[in-house]
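Accompanying notes for the structure given below.
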Amino acid sequence: MTADAGGSSPSPSDDVARLTDAQRSLRAQLLATEHWSLLASRSTTQSEVLTRIAIFLTLVSVGLFALGVMGNATQFRGWFGVAALAVLLLLALLGIVTELRVFNTATEDLAYVLAMNRLRGAYLDLDPGMERYFLMSAADDMAGMERTYFPFASRRKTQMFASSMMVILVVETALIGLFVGSLTFALSESVGWAIALGLVVAVGSLLGWLRWGYRSYSAVLRTHIPLRRTPSDPPSDPSPSDPSPPDGALRRRR
């Protein structure tokens with residue numbers, strides 16, 4: 001085989017055009033195998049992180065219930081303060097570990113979506129007529145990612161704030177605020193300072209987690225180099241031919 005003139009690399013369509021029917025069939029099988037592998041990995045990752053979230057929320061419920069029982073037993077005196085701080089610290093540390101896993105899962109899920117979008121593009125190289133049947137995007141750029149995540153509407157902030165990530169983030173920052181407020185009250189016995197510092201730390205922790213998650217999410221998009229980009233003005237999807245006869249034919253039949 002000789003190289004193309006000018007040293008230019010062949011386009012995907014040119015590469016597919018050179019394949020025999022047997023090679024096309026083999027490529028489709030390999031792409032389908034990779035697609036199923038990505039689906040299985042994505043499903044396993046989502047199941048694992050949801051289990052981690054459920055375990056953490058269960059531990060938070062048990063820990064707060066235990067504090068209530070200990071408070072009734074000790075009349076909130078004596079060793080109750082030390083026990084409460086220890087329980088809140090343990091729950092806050094477990095929340096940090098869980099939150100790290102949740103944010104890492106978000107970036108992993110983004111990688112899975114981009115990879116499956118790229119595979120859809122490979123399917124279209126084999127059979128361009130399949131494009132009209134794909135609801136998700138076949139482009140592995142940012143616009144294609146957003147279409148795959150939100151195929152029927154544009155991305156809204158409410159979808160992020162209603163996610164499992166935000167639920168666990170609110171619980172974790174509340175625990176951190178409770179721990180800091182309780183520690184401040186134990187050291188200074190000032191309710192005002194305890195509430196103020198607890199709120200400041202909780203809000204600061206929430207904003208810090210959001211900023212870190214946004215930067216890690218954006219880093220994936222900056223590192224990724226798309227093979228197929230979403231056209232700025234995509235062509236309208238051709239509708240299937242109408243099986244009903246035209247009006248003129250109906251009039252002639254009558």
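Just so it is clear, the structure is predicted and the values come from calculations on it, not from any experiment.
- Judged by distance alone, with hydrogens and angles left aside, the side-chain atoms of Ser25 form no donor-acceptor pair with the main-chain N or O of Asp21 at under 3.5 Å.
- Of the possible polar contacts, none joining the Ser218 side chain to the Arg215 backbone as a donor-acceptor pair under 3.5 Å is found.
- Not one N or O on the side chain of Glu189 forms a donor-acceptor pair closer than 3.5 Å with the backbone of Ala186.
- Considering CD1 of Ile195 and CZ of Phe185, their distance stands at 10.0 Å, rounded to 0.5 Å.
- Distance alone, capped at 3.5 Å, places no donor-acceptor pair between the Ser37 side chain and the Thr33 backbone.
- Contact detail for Thr230 and Gly144: the closest heavy-atom pair is OG1-N, 3.3 Å.
- With salt bridges taken as basic N to acidic carboxylate O contacts below 4.0 Å, none links Asp141 and Arg118.
- Between the side chains of Asn117 and Arg120, at least one donor N or O lies within less than 3.5 Å of an accepting N or O.
- Taking every heavy atom of both residues into account, Leu67 and Ala84 meet most closely at CD2-CA, 3.5 Å.
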Does Glu108 form a salt bridge (charged side-chain N to carboxylate O under 4.0 Å, His left out) with Arg42? I'd like the steps, not just the answer.
CA-CA 8 Å; Glu108 291 175 17; Arg42 188 184 186 192; over 6 Å; no
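- Listed for the Asp140 side chain is no donor-acceptor partner under 3.5 Å among the backbone atoms of Leu114.
- Contact detail for Tyr149 and Asp109: the closest heavy-atom pair is OH-OD2, 2.5 Å.
- A distance-only check finds no donor-acceptor pair linking the side chain of Ser205 to the backbone of Val201 [under 3.5 Å].
- Across all their heavy atoms, Leu31 and Leu126 have their closest contact at CD1-CD1, 4.0 Å.
- Below 30°, between 30° and 60°, or above 60°: for Tyr123 and Phe134 the angle between ring planes is between 30° and 60°, a tilted geometry.
- Using a distance-only test at 3.5 Å, with no hydrogens or angles considered, a donor-acceptor pair links the side chain of Thr98 to the main chain of Leu94.
- Judged by distance alone, with hydrogens and angles left aside, the side-chain atoms of Gln23 form a donor-acceptor pair with the main-chain N or O of Thr20 at under 3.5 Å.
- Trp209 and Phe103 have their aromatic ring centers within a separation under 6.0 angstrom.
- Listed for the Ser47 side chain is no donor-acceptor partner under 3.5 Å among the backbone atoms of Thr44.
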